[in-house]
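Structure first, commentary second.
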Amino acid sequence: MNLAAFYAPRGLAPAYVLGASPAEQAFLQAAREIYYKETYTLTHNAVIAALSPDAAKEAGKLYG
């Protein structure tokens, strides 16, 4: 159900997500985890940049 709630605003119907094969559900779950990781990294870097210009340079070196 969590997958359906995550993908519904992104254009995938809940019926499709809930009816997906186990392999498709595993793929969707992995993609969701990547999305959350990238969102966390982006937010983290933005906060660092807002707090300190020197820290922003370091974050740029570490995370690109």
Side-chain angles (χ1 to χ4, degrees):
M1 194 61 148
N2 287 334
L3 282 177
F6 177 80
Y7 282 106
R10 290 162 178 83
L12 286 180
Y16 172 79
V17 175
L18 295 174
S21 71
E24 290 172 322
Q25 286 185 359
F27 173 80
L28 292 172
Q29 186 171 2
R32 180 182 62 176
E33 290 173 14
I34 292 169
Y35 170 83
Y36 281 134
K37 182 179 177 185
E38 289 181 356
T39 301
Y40 170 84
T41 301
L42 177 66
T43 304
H44 176 266
N45 291 344
V47 170
I48 288 174
L51 294 176
S52 167
D54 293 333
K57 291 177 186 174
E58 286 298 316
K61 290 178 188 174
L62 293 174
Y63 301 109

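Here, residue 1 is the first one in the sequence, and each next residue gets the next number. Fair warning: this is a prediction, and the values are worked out from it, not measured in the lab.
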Run the side-chain donor-acceptor check on residues 12-31: report pairs under 3.5 Å with partners two or more places apart or on a different chain.
residue	atom	partner	partner atom	Å
Ser21	OG	Glu24	N	3.2
Ser21	OG	Glu24	OE1	3.4
Glu24	OE1	Ser21	N	2.9
Gln25	NE2	Val17	O	3.3
Gln25	NE2	Ala20	O	3.4

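Residues meeting the side chain to side chain contact (heavy atoms under 4.5 Å, CB included) test with Tyr35, sequence neighbours left out: Phe6, Arg10, Thr39. With sequence neighbours excluded, no residue forms a ring pair (Phe, Tyr, Trp, His ring centres under 6.0 Å) with Tyr7.
Here Leu51 is tied into one hydrophobic group with Val47, each link being a pair of ILVMFWY side chains closer than 4.5 Å.
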